[in-house]
Amino acid sequence: MAEPTVEIEKRGPTAWVWMNRPAVHNALNQEMIRELRAAFRSLGEDATVRVIVLAGRGKSFSAGADAEWMKRQGAAAALDNLESARDLAEMFHAIAVCPKPTIARVNGAAIGGGLGFVSVCDIAIASTAAVFAASEVRLGLIPATIGPYVVQAIGPRCARRLFLTGERVSAAYAEKIGLVHEVVEAEEIDARVDAVIQDLLAGAPGAQRAAKDLIDAVTGRPMAPELMEETAVRIATIRAEPEAHEGLVAFLEKRSASWVPPR
């Protein structure tokens, strides 16, 4: 029986989603795409899960789409080719709209679709060993399904360079352009991810869901009376919720809120 292409490891309120094709640098095939999509949809609705970490087994994070699989899709019937592309787009979308905080643990190469994973997660922590590339043009392709997320993460100017050259860039450069939030030594990455997890667990889960929704709702919109009114409604609504009451009372009583797990 073949090993699963995706493994889910529960560590208390945190779910680690492991891409599990280390022999091919966690390259994406149809099975992995569908398993990742299902994993994030399921974990997003799992009340026992507070944080999701996306990680790669072996020395690479993800080398993007499996070249042999991409070749077969290009030679397939037009509708089959389109359906597999839709699966890929839906997988990235499932991560993007996941209501739980998501962390990309980038231990090594993040190429093509791997760059998409980095861009679509809420927080990205990279090892100094990591390298990044949108290598599609060197294969006669374009970074289409990852494009909106990469452009949102780093802006169109930096995206033009990466998309047009296909060059590999360092973790330091990725941090400089805002692709990753932090770069640490390889042996420190798990400790740093754990520290970020603890920061996330200190936040209220309902408020975190609402904060993610707020970001999506205001991105790209000019400040206008309609937006001002919408934000006023959002804060008025959430501060009347039981979670906000608990958070404010806990702060005034100088204790941890009920959602903070014991250490």
Determine the minimum heavy-atom distance between [X] and [Y], stating which atoms define it.
X      : Y      : result
Ala110 : Val118 : CB-CG2, 3.9 Å
Ala130 : Ala126 : CB-CB, 4.3 Å
Ala39  : Ile8   : CB-CD1, 3.9 Å
Cys98  : Gly44  : SG-CA, 3.9 Å
Asn26  : Phe61  : ND2-O, 3.2 Å
Glu7   : Pro4   : CG-CG, 4.0 Å

Answer yes if [X] and [Y] sit in the same cluster of Ile, Leu, Val, Met, Phe, Trp and Tyr residues linked by side chain heavy atoms under 4.5 Å apart, and no otherwise.
X      : Y      : value
Met223 : Val218 : yes
Val24  : Met19  : no
Val120 : Phe40  : yes
Ile111 : Leu28  : no
Ile142 : Val151 : no

Is a side-chain donor or acceptor of [X] paired with a backbone partner of [Y] at a separation under 3.5 angstrom?
X      : Y      : answer
Ser42  : Ala38  : no
Thr128 : Glu185 : no
Asn20  : Val6   : no
Asn107 : Gly58  : yes
Ser62  : Gly64  : yes
Arg50  : Trp259 : yes
Lys10  : Val49  : no
Lys100 : Leu43  : yes

* Take Leu179 and Leu115 through the test side-chain contact (heavy atoms from CB on, under 4.5 Å) and record every step on the way to the result. => CA-CA 9 Å; Leu179 182 61; Leu115 184 69; 3.3 Å; yes
Can we say [X] and [Y] salt-bridge, meaning some charged N sits less than 4.0 Å from an Asp/Glu carboxylate O?
X      : Y      : value
Arg255 : Glu246 : yes
Glu45  : Arg41  : no
Glu243 : Arg209 : no
Arg105 : Asp190 : yes

Hey, could you give me the [atom1]/[atom2] distance between [X] and [Y], rounded to the nearest 0.5 Å?
X      : Y      : atom1 : atom2 : value
Ile154 : Ser119 : CD1   : OG    : 6.5 Å
Leu214 : Arg234 : CG    : CZ    : 5.5 Å
Asp87  : Thr145 : CG    : OG1   : 11.0 Å
Glu9   : Arg11  : CD    : CZ    : 4.0 Å
Met91  : Leu88  : CE    : CG    : 5.0 Å
Arg21  : Met32  : CZ    : CE    : 6.0 Å

* side-chain contact (heavy atoms from CB on, under 4.5 Å) between Leu54 and Leu36: does it pass, once the steps are laid out? -> CA-CA 10 Å; Leu54 179 60; Leu36 283 170; 4.1 Å; yes
* To do: Just do the side-chain contact (heavy atoms from CB on, under 4.5 Å) check on Ile146 and Glu136 with the steps written out, would you?
  => CA-CA 11 Å; Ile146 71 170; Glu136 286 84 353; 4.0 Å; yes
* Flag the pair Arg161 / Val169 as yes when at least one side-chain heavy-atom distance between them is below 4.5 Å, and no otherwise. =>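 When only atoms from C-beta onward are counted, Val169 and Arg161 do not touch, as no gap falls below 4.5 Å.
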* Can you find a pair of side-chain heavy atoms, one from Glu3 and one from Arg57, that are under 4.5 Å apart? ->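 They are not in contact (no side-chain heavy atoms under 4.5 Å apart), so the answer is no.
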* CZ of Arg160: more than 12 outside heavy atoms within 6.0 angstrom? ->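 No - once you tally the heavy atoms of other residues, nucleotides and ligands closer than 6.0 Å, there are 12 at most.
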* Asked: With a cut-off of 6.0 Å (strictly less than), are more than 12 heavy atoms of other residues, nucleotides or ligands near CE of Met228?
  ->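 Counting neighbours around CE of Met228, 12 or fewer heavy atoms of other residues, nucleotides or ligands fall under 6.0 Å, so no.
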* To do: Check whether the side chains of Thr5 and Glu35 place a donor and an acceptor atom closer than 3.5 Å, and report yes or no.
  =>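 Yes, because at least one side-chain N or O of Thr5 sits under 3.5 Å from a partner of the opposite role on Glu35.
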* To do: Hydrophobic side-chain clustering at under 4.5 Å (ILVMFWY, transitive links): who's grouped with Trp18? Put none if nobody.
  =>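 Trp18 clusters with Trp16, Val51, Val53, Ile103, Ile123, Ile125, Val184, Ile189, Val193, Val196, Ile197, Leu200, Leu201.
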* Asked: Which class fits the ring pair Phe92 and Phe117: parallel under 30°, tilted 30 to 60°, perpendicular over 60°?
  ->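 Judged by the thresholds at 30° and 60°, the geometry between Phe92 and Phe117 is tilted.
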* Is there a side-chain contact (heavy atoms from CB on, under 4.5 Å) between Ile95 and Tyr149 once you walk through the steps? -> CA-CA 11 Å; Ile95 302 172; Tyr149 308 110; over 6 Å; no
